[in-house]
Protein chains: 2
Amino acid sequence: MGRMPGQTTAFATLHLDHSSTVDRAAEELRRAVFEGEVESGTPLREVALAASLGVSRSTVREALGVLVAEGLATREPHRGVSVARPAASSVRDVCRARLVLEGAGVRGWRDADPVDRRRVREALARYTDAVAAGDSFRALNEHHLAFHVSLVALTGSPRLVAAAEALMTELKLALAQVDRIRRNTHDQAESHTALVELLEADDVEGAGAFLCDHLEDAAVQVIGALGLG
Amino acid sequence: MGRMPGQTTAFATLHLDHSSTVDRAAEELRRAVFEGEVESGTPLREVALAASLGVSRSTVREALGVLVAEGLATREPHRGVSVARPAASSVRDVCRARLVLEGAGVRGWRDADPVDRRRVREALARYTDAVAAGDSFRALNEHHLAFHVSLVALTGSPRLVAAAEALMTELKLALAQVDRIRRNTHDQAESHTALVELLEADDVEGAGAFLCDHLEDAAVQVIGALGLG
DNA sequence: CTTGTCTGATTGTCCGACAATCTGCGGCGG
DNA sequence: CCGCCGCAGATTGTCGGACAATCAGACAAG
């Protein structure tokens with residue numbers, strides 16, 4: 001598509017046509033990983049993927065590079081790319097890093113842009129609504145992590161938000177492996193409401209401590225669910 | 001290793017044993033950017049670089065992808081990759097993000113691994129020594145930023161350190177453009193010594209405030225030197 | 001059971017090709 | 001004279017094939 005020479009009218013296709021073949025391939029690979037279609041540690045063969053996705057090996061290779069950069073896969077020289085396998089240490093590190101980033105957001109609650117504060121409330125609402133509506137674990141995780149990212153956004157720093165999103169991506173990889181095992185996302189929803197209530201009461205200190213416990217707990221839960229003691 | 005056909009390279013090729021051609025190409029591009037051989041905004045043409053580096057276009061393309069991922073360059077669809085141009089807003093954001101990361105390290109001074117504390121002292125020593133020895137700007141910047149990264153390492157989180165290094169890379173890009181203009185790196189060295197002394201005295205609060213001022217000042221100075229008001 | 005070698009599979013890199021797209025220039029009409 | 005149109009060159013995005021280097025497993029030898 002994309003011809004029609006005589007047309008000079010600007011079409012709406014400009015917005016989503018922004019997708020290149022590499023982007024689509026990378027997105028498909030991400031989906032396959034999060035959907036659990038490929039297990040952790042599975043090697044991603046270039047030729048096989050090229051055939052399966054109907055694109056050239058060069059394109060697959062570039063898409064794999066994106067996955068590796070996102071931390072969803074690892075590349076070993078001359079041994080190719082395989083789906084990253086979450087280690088207990090990396091889960092702990094992700095949560096420690098999250099504590100720093102989200103803690104910074106929480107501490108900045110008072111001075112934060114009102115718009116960002118509103119976004120936190122909205123993210124919480126979407127999360128609790130999704131829980132009440134009994135959405136899929138995938139959707140719940142998505143809303144849950146989006147809420148935590150919205151906390152980082154309180155800092156007003158795009159780069160910290162980007163860093164937080166990278167951490168969440170890594171976490172989603174880990175969660176993709178234990179999705180069906182755990183369902184206590186419910187309690188977490190209430191826990192998050194409590195966190196925001198502390199913030200609304202300007203109890204930044206308390207909210208910080210709450211967050212610290214919450215993340216500590218999250219790390220333990222995930223590691224336990226992964227069976228990595 | 002792979003073959004390297006006749007090349008028009010203007011400089012000696014670096015052989016690091018277990019490094020791929022892509023890595024070497026990316027490293028060469030980084031060097032060219034930091035060395036100021038290419039100005040900000042300069043388009044990086046794939047065929048020209050392939051010829052200049054003596055590698056294939058595929059390899060150049062992959063190396064450019066690395067540069068883009070590092071934030072040293074930007075890619076616009078169908079318009080290619082060009083050296084990123086630092087904006088005032090991005091410099092401010094980098095410094096705000098640094099404050100969060102380095103602040104977390106400073107606050108964790110007491111609980112930090114003694115090895116990491118020692119590394120901070122060593123990084124400071126290397127920096128001040130380099131200043132005393134009258135090293136080049138490039139070397140001073142390198143030591144200076146390494147010191148700040150060592151503060152982040154106090155958190156013990158590899159991911160936060162990686163994030164900090166990414167921020168420093170972006171900052172180096174900005175500094176590469178105003179290198180010769182600034183000379184007050186000296187005062188900064190003393191300032192850093194004072195910071196560590198506060199830490200040694202367990203005055204974490206004071207050190208944090210000190211760091212906050214330091215980073216605020218750094219942002220202003222860099223933006224001013226860039227002439228971006 | 002250990003060790004060395006062979007063979008097939010896979011990656012890293014190169015080359016050439018082509019359509020789609022961008023950019024700058026010159027012509028045409030107003 | 002100015003602005004719009006389209007053309008030609010340059011550049012990217014993607015493809016397909018090729019080959020050496022390297023890795024993994026089987027297999028034979030000690």
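A, B, ... follow the sequence lines: proteins, then strands. Residue 1 opens every chain. What you see is a predicted model, and the numbers here were worked out from it, not measured in a lab. The figures that follow rest on heavy atoms only: side chains count, while hydrogens, waters and symmetry mates do not.
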- Task: Answer yes or no: does a side-chain N or O of Thr59(A) lie under 4.0 Å from OP1 or OP2 of dG13(D)?
- Result: no
- Message: Could you tell me if the side chain of Pro86(B) sits less than 4.5 Å from the side chain of Glu170(B), heavy atoms only?
- Response: no
- Just how far, in rounded Å, is P of dA20(C) from NE2 of His78(B)? 11 Å
- Name every residue in residues 60-74 of chain B that has at least one heavy atom under 4.0 Å from any atom of DNA chain C, in order of residue number, or write none if there are no such residues. none
- Query: To the nearest Å, how far apart are Leu44(A) CG and dT11(C) C1'?
  - Reply: 14 Å
- Message: Keeping Arg96(A) on the side-chain end and Arg159(B) on the backbone end, is there a donor-acceptor pair under 3.5 Å?
- Response: no
- Heavy-atom donor-acceptor pair, Arg57(A) side-chain to dT13(C) base, under 3.5 Å: yes
- State, yes or no, whether a side-chain contact exists between Leu64(A) and Leu49(A) at a heavy-atom distance under 4.5 Å. yes
- Among dG12(C), dG16(D), dT14(D), which nucleotide sits nearest the side chain of Ser58(A)? dG16(D)
- Item | CG-OG1 distance between Leu101(B) and Thr155(B), expressed to the nearest 0.5 angstrom | 8.0 Å
- To the nearest angstrom, the CG-C1' distance between Leu53(A) and dG16(D) comes to 17 Å
Please table the atom pairs, donor to acceptor, closer than 3.5 Å between any side-chain atom in residues 70-81 of chain B and protein atoms at least two apart or in another chain.
from     : atom 1 : to       : atom 2 : distance (Å)
Glu70(B) : OE1    : Arg30(B) : NE     : 2.9
Glu70(B) : OE2    : Arg30(B) : NE     : 3.2
Glu70(B) : OE2    : Arg30(B) : NH2    : 3.0

- Does dT11(C) have OP1 or OP2 sitting under 4.0 Å from an N or O in the side chain of Arg79(A)? no
- Item | Spacing between Arg45(B) atom CZ and dG9(D) atom P, to the nearest angstrom | 18 Å
- Whole-Å gap separating P (dC22(C)) and CD (Glu46(B)): 15 Å
- Message: Ring centroids only, cut at 6.0 angstrom: are His148(A) and His214(A) within range, meaning strictly under it?
- Response: yes
- Query: For Asp23(A) and dG13(D), what is the distance between atoms CG and P respectively, to the nearest whole Å?
  - Reply: 10 Å
- Whole-Å gap separating P (dC22(C)) and CZ (Arg75(B)): 15 Å
- Message: Please classify the nucleic acid contact of Thr21(A) as base, sugar-phosphate, or nothing, using heavy-atom distances under 4.0 Å.
- Response: sugar-phosphate
- Indicate the ring-plane relationship of His144(A) and Tyr127(A), choosing parallel, tilted or perpendicular according to the 30° and 60° boundaries. parallel
